[in-house]
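Everything on this sheet refers to the single structure shown next.
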Amino acid sequence: MQENERKKIVFSGIQPTGNLHLGNYIGALRNFGPLQEEYDCLYSIVDLHAITVRQNPTQLRQNCLKLMSLYLAAGLDPDRSLIYFQSHVPAHAELAWVLNCFTYMGELSRMTQFKDKAQKHAENINVGLFAYPTLMAADILLYQTNFVPVGNDQKQHIEITRDIAERFNAIYGDVFTIPEPLIGKVGARIMSLSDPTRKMSKSDPEDTFIAILDEPNVIRKKVRRAVTDSEALVKYDVENKPGVSNLMSIYSAVTGKGFAEIENEFVGKGYGDFKEAVADAVIAELEPIQARYRQISADKAYLNEVMTKGAERAAKLAARTMSKVRRKVGLAATQL
Ligand code: TRP
């Protein structure tokens, strides 16, 4: 790469809701840090997305700070990356509105996340929940993003973002960069500990997932209780041994060992030994992050500084795209 060549742009966001768990960590968060070496990264706390389902205000505020602390604890560097709250950059909501006018009801109705959430929150199927993907498209397109690191479940949202961007570009010329998903290789799908045919989810009961901030003894207890089978054979077979396979995925993701290697390691050993090894590996992975988290989350002045600087820099970048969008669509400039 030539020195003066501009770095490609990476954007991702996580919702500040509930407890971030091992699935979020392996599928998304832990991939964010290494990308900073190669790309210009923006990592947002997407609080506007969070309010598409009812939130307790005090808890939401706390969760936002908690997530920012976790970002930093997981190795995101505010000197290299932009770390900020989505709601601190009004251009997200502004572009989302414009994109709403280029998005069809039919395509939003097909989004699986909308269908799932509409079912889960049948008493509150609001317009924001329906338009969630256009806000996500705005997040991404505002910054001329090239790559979006996300879990597998977000692929459909990246696809609709591309469709909207292409539709807009076809009318107005090259306004938006067309983004591509970056899906983590392993562990994009970590399953529930109690029902390994379902994805690990933060809206499920506590003992079905390992929270990133769970104490080591809690992690060990949860792994010990994880559902397996009666065969006492450590073998990767999602169909017939979903529980063991899930623990193997977790073990593989945090140790870097392949499935064959893991199978060899536990030949002739029972699930007890296997589970202890999984727990040890997960604890070893999370402990340093937890220690940094405790330090960072106690430093409110630092957190304030990071979020303010991040929002200021993000707003500047967003303004460039927004002014282009305004001009193309025919909205009058503010300075006549
Ligand atoms: N929808 C994403 C999720 O639930 C979160 C998100 C919002 C996001 N905006 C984004 C992810 C932009 C990547 C890019 O996980």
Side-chain angles (χ1 to χ4, degrees), residues 8-32 35 39-53 55 60 63-64 67-68 70-71 76 81-89 91-93 95-96 99-100 103 108 111-118 120-121 128-162 164-165 176-184 187-190 199-203 209 212 310 314 317-318 321:
K8 301 255 190 204
I9 296 169
V10 159
F11 183 99
S12 199
I14 296 181
Q15 291 195 60
T17 52
N19 249 330
L20 230 61
H21 57 62
L22 199 59
N24 305 125
Y25 174 72
I26 292 170
L29 186 55
R30 77 158 179 177
N31 307 319
F32 290 180
L35 293 169
Y39 303 108
D40 281 336
C41 302
L42 298 102
Y43 293 117
S44 187
I45 289 119
V46 291
D47 47 3
L48 296 174
H49 277 111
I51 61 169
T52 55
V53 303
Q55 302 290 338
L60 178 59
N63 275 336
C64 286
L67 183 53
M68 172 166 271
L70 263 181
Y71 274 0
L76 302 192
S81 300
L82 275 66
I83 302 172
Y84 70 101
F85 292 10
Q86 182 188 34
S87 69
H88 289 176
V89 180
H92 286 253
L95 182 59
L99 298 182
N100 276 335
T103 306
L108 288 178
M111 296 291 113
T112 34
Q113 186 169 307
F114 170 69
K115 288 193 265 186
D116 287 352
K117 287 199 177 177
K120 247 189 211 158
H121 305 276
L129 191 65
F130 188 65
Y132 180 113
T134 52
L135 178 58
M136 179 159 162
D139 298 343
I140 296 166
L141 299 177
L142 261 183
Y143 301 100
Q144 307 295 339
T145 301
N146 301 99
F147 299 112
V148 189
V150 280
N152 222 345
D153 63 318
Q154 294 299 312
K155 237 168 124 177
Q156 201 184 25
H157 285 158
I158 310 294
E159 244 132 59
I160 196 175
T161 299
R162 291 167 57 93
I164 298 167
F176 298 125
T177 302
I178 308 298
E180 285 171 43
L182 273 186
I183 312 263
R189 263 176 95 75
I190 298 295
K199 238 183 69 167
M200 190 174 272
S201 163
K202 50 190 172 186
S203 46
F209 63 81
I212 300 181
L317 294 174
T321 301

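Just follow the structure's listing: the first ligand is 1, and inside any ligand the first atom is 1.
Applying the 4.0 Å criterion to heavy atoms of V150 picks out, from ligand 1, the atoms 11 (C), 13 (C). Those atoms of ligand 1 that come under 4.0 Å of a heavy atom in V148, given as number and element, are 13 (C), 14 (C). Near H49, meaning under 4.0 Å from any of its heavy atoms, are these atoms of ligand 1: 7 (C), 9 (N). Short contacts between ligand 1 and V46, defined as distances under 4.0 Å to a heavy atom of the residue, involve ligand atoms 7 (C), 9 (N). Against a heavy-atom cut-off of under 4.0 Å, Q15 is close to the following atoms of ligand 1: 4 (O).
Here the side chain of Y132 pairs no donor or acceptor atom with the backbone of T52 at under 3.5 angstrom. Side-chain N or O atoms of S201 include one that pairs as donor or acceptor with a backbone N or O of S203 at under 3.5 Å. Using a distance-only test at 3.5 Å, with no hydrogens or angles considered, no donor-acceptor pair links the side chain of T134 to the main chain of N100. Within the 3.5 Å criterion, the main-chain N or O of S44 finds no donor-acceptor partner in the side chain of Q86.
Using bins of under 30°, 30° to 60° and over 60° for the plane-to-plane angle, the ring pair H92/Y84 lands in the tilted bin. Ring geometry for F209 against H21 counts as tilted: the plane angle lies between 30° and 60°, on a 0 to 90° scale.
Within the 4.0 Å heavy-atom criterion, the part of Q154 lying near ligand 1 is the side chain and not the backbone.
Distance from atom 12 (C) of ligand 1 to its nearest protein heavy atom, with residue and atom name: F11 CE2, 3.5 Å. Protein heavy atom at the shortest distance from atom 9 (N) of ligand 1 is D139 OD2, 2.7 Å. The shortest contact between atom 1 (N) of ligand 1 and any protein heavy atom is with Y132 OH, 2.6 Å.
The number of heavy atoms from other shown groups lying within 6.0 Å of NZ (K202) is above 12.
Taking all atoms of both residues into account, the shortest heavy-atom contact from G310 to L82 is O-CD2, 4.0 Å.
Taking all heavy atoms of A138, G151, G13, A50 into account, the minimum distance to atom 11 (C) of ligand 1 is reached by G13.
Polar contact with ligand 1: absent for S12 (N/O pair, distance under 3.5 Å).
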